[in-house]
Amino acid sequence: MDKQYKIQVQDLHKSYGDNEVLKGISLNVKPNEVVCMIGPSGSGKSTFLRCLNKLEEPNRGHVYVDGYDIADKKTNIDLVRQNIGMVFQHFNLFPNMSVAENIMLAPVQLNKMSKEEARTAALHYLDIVGLKDKADVNPTTLSGGQKQRVAIARALAMKPDVMLFDEPTSALDPEMVGDVLEVMQALAKEGMTMVVVTHEMGFAKRVADRVVFFHDGVIKEQGTPEEIFDHPQQPDTKSFLDKVLNV
Amino acid sequence: MSKHWLRNMLMGLTVAVGIGVGLGHAQPVHAAEPTYTIGTVDSFEPFEIPNNKGTYTGKNPGIEIEMLQQIAKHEGFKYNLKVMSFDATLTALQAGQIDASMGGMSVTDERKATIDFTKSYYDSGVVMAVAQDGPIKSMKDLKGKTVAVKAGTSGAIYAKSIAKKYGFKLKYYKTDNTMWSDVQNGNSAATFDDEPVLRYGIRNGMKLKVITKAVDSQPVAMGVKKGQNQELLQKLNDGITWMEKTGRMQKLLDKYTKGSGTKTDGAAQRTIMGLLKANKGALWDGLVATLELTLVGAALALVFGVVLGVMGIADGKFFPWLSATIIYIFRGMPMIVLAFFIYIGMPSVIGHKVPLFTAGVLTLMLDEGAYVGAIVKGGFKAVDRGQWEAARSLGLPYGKALRKVIMPQGIKIMVPSLVNQFIITLKDTSILSAIGVMELTQTGTVIISRNMEGFKMWLIIGVIYIVIITLLTWLSNYVQRKLA
Ligand SMILES: Nc1ncnc2c1ncn2[C@@H]1O[C@H](COP(=O)(O)OP(=O)(O)OP(=O)(O)O)[C@@H](O)[C@H]1O
Ligand SMILES: [Mg+2]
């Protein structure tokens, strides 16, 4: 385990029954680094991402976050999760609360802020994602793009050092995608450590420090955006990129 | 982390139930005079004649009740009456729920094996009765027919002894009135019952006639569990002897077989309005008891159900398994069996009595709670998995995620089913009449055992249930609209 990494993954294996989905994955993420993960459907990208905050329990291998082994029973996973924000493909906003309450819930419940402070923070983060005027509406009345930006604000309110994104724009109408990507790009610029599963190759090219290509439960190839997109070495990488870039 | 929270909740519930049971047990401090619990039947005229509230505090409560009053005074002891069905008095006596039992009980050899009887004060024979205008003329006509008897009575024992010979089948009942009505309506061909009891019923309007001489004449006595409560047995025997010597016993018997004790309601009280008026106090008390049982039972069932529901969706294998098993057991068991188990069965295991109301409420809590548990579990499971993941990924611990995110959404899904279950709970309280809880249905049984007005009284009681359920449905619709 190496202290210089924000996230360190060693030889991670995960199976569902007989189906081995992750077949020994190792990956290190440095502070402030933006890692984009691409690859065909079913290659294990989501599963890998969910292992990083223990939404899935690996069968073998280690995941260290800020030096804590999250498989270790002595590690308080709730504390670790407070430092890792996660944004889902389907937003998962809480429909029983207003937009602002969605954002205030965790800081207040975890005694990070008083109600008033949390409200101020909520408005601040809503401002960042451009939705300050939506603070008191019910999230079900929002469009997909707005929902996803609220979800990002909700994660940011816990002031995490790492943000995980699982295809944050896949469920959105095309005209909504830009707003969300813009917010994410701004975050990256401010130095947030990010791991992003995405099918948005343009975003990966522009924002990623490193692109990781998943194939069939292993990391087939990784490198800078130029290396992966302009000079892919592996035939699988090439055929995948041919498919997605030529649509 | 999550387990702690669950354990605390479970412990809270255990303590709450424990306190409930414990409070029910608080007995008055022993005075100089000993206090006994005497079990008796919910009606067995002319031995036990309840007033329209189902208690024996009226002017003409029956031979045995008055006898006990006189003996207790003379012998210097106090007693609490516990009212139940006849066969329940026999099991309760063996379970130690009651110190002595009475209910026009015949002294038989079989019963002598487990009961020490007092001196007898009456001889009661079994007669056969048939519908007044029915086709049955003698026992020979019973071939292939069904005969109604009351479980555990000497009438039932006699009928069983001759059933093969005359080729009839037996059908068992809990109360005289239902049994007699069944004969009167022609569903059963005949009944065998104690002569004084049957004659009392006929005098009060049952359209039956007695067509045999009394047979199998047997002495009637009170009893204690064999080898137990010998002191009480002695007092009862002394009292009986004293009453016989002083002529009090004969006077008492005459009162109920010839005199004023046999009078019941007049014709004016037999219209629906008259019946309502005459019994309004009793019906009101029955209704209040029904509502009390419903509210307390449903509240506890809700707590129990939420615990089961939460266990059902917990991490790991053990708690979901436990929850599913508990739900399976209590949903699978008929509520009446559960009620008997708690009220009659448990005392012999835990070593002390279970108060009637506590037994009733406990039955409701477990039975309805199992249904509520299934509803709650289903409601939680119906909440999208992504809601859990979003809440947990923010760092909220299991319990907080459950309470702040999952529960509020699950409850919305559950409310219609919970309201429905609440109404079912109200109806299910009537099942508790089997152990003698004086709720609305049992009140009806008792009133009818006096006035024999089965049709009109059950109509009245049915309408009361419907009215209450209608009001509740309106109320719950209103609440649901508010919640939506
Ligand atoms: N909870 C689960 N139970 C069983 N199998 C699962 C489960 N979650 C994922 N899988 C399987 O694991 C494999 C990898 O799934 P995963 O969601 O990680 O792929 P992905 O790379 O994110 O694909 P996509 O681009 O379609 O999101 C798939 O074959 C999937 O069917
Ligand atoms: Mg995926």
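Order of the sequence lines sets the chain letters (A, B, ...), proteins ahead of strands, with each chain counted from 1.
Looking at A:Ile84, only its backbone comes within 4.5 Å of chain B, counting heavy atoms on both sides. For a residue to count as touching a neighbouring chain, one of its non-hydrogen atoms must lie under 4.5 Å from one of that chain's; by this rule B:Ala391 touches chain A with backbone and side chain alike. Of the two parts of A:Leu164, neither the backbone nor the side chain holds a non-hydrogen atom closer than 4.5 Å to a non-hydrogen atom of chain B.
More than 12 non-hydrogen atoms from other residues, nucleotides or ligands lie less than 6.0 angstrom from CG of B:Leu471. Enclosure of atom NZ in A:Lys54 by more than 12 non-hydrogen atoms of other residues, nucleotides or ligands within 6.0 angstrom is indicated. Summarising the local packing, OH of B:Tyr465 is surrounded by more than 12 heavy atoms from other residues, nucleotides or ligands at distances under 6.0 Å. Within 6.0 Å of atom OH in B:Tyr478, 12 or fewer heavy atoms from other residues, nucleotides or ligands are found, so the atom counts as exposed in its surroundings.
Under the 3.5 Å distance criterion, the side-chain polar atoms of A:Asn92 are left unmatched by any main-chain donor or acceptor of B:Arg385.
Using non-hydrogen atoms only and a strict 4.5 Å limit, the part of residues 103-111 of chain A facing chain B consists of A:Leu105, A:Ala106, A:Gln109, A:Leu110.
Here the shortest heavy-atom pairing between A:Phe88 and B:Ala390 reads CE1-CA, 3.7 Å. Nearest heavy-atom pair across B:Val405 and A:Met97 is CG2-CE, 4.1 Å.
Annotation: side chain of A:Arg50 is in contact with side chain of B:Glu389 (closest heavy-atom distance under 4.5 Å).
The greatest number of non-hydrogen atom pairs below 4.5 Å with chain B, out of A:Asn53, A:Asn83, A:Leu55, is found for A:Leu55.
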- request: May I have the step-by-step check of side chain to side chain contact (heavy atoms under 4.5 Å, CB included) for B:Lys412 and A:Asn96, ending in yes or no?
  value: CA-CA 10 Å; B:Lys412 249 194 186 157; A:Asn96 56 317; over 6 Å; no

CA sep, side-chain torsions, deciding dist, call: B:Leu394, A:Gln82, side chain to side chain contact (heavy atoms under 4.5 Å, CB included): CA-CA 6 Å; B:Leu394 284 166; A:Gln82 289 177 22; over 6 Å; no

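Residues in residues 362-384 of chain B take part in no salt bridge (charged side-chain N to carboxylate O under 4.0 Å, His left out) pair, two or more places apart or across chains.
Among the candidates A:Leu79, A:Ile77, A:Asp78, the single residue satisfying the side chain to side chain contact (heavy atoms under 4.5 Å, CB included) test with B:Pro397 is A:Asp78.
Between atom CZ of residue A:Phe94 and atom CD of residue B:Gln409 there is a gap of 8.0 Å, rounded to the nearest 0.5 Å. Taking CZ from A:Arg81 and CG from B:Leu396, the interatomic distance works out to 10.0 Å, rounded to the nearest 0.5 Å.
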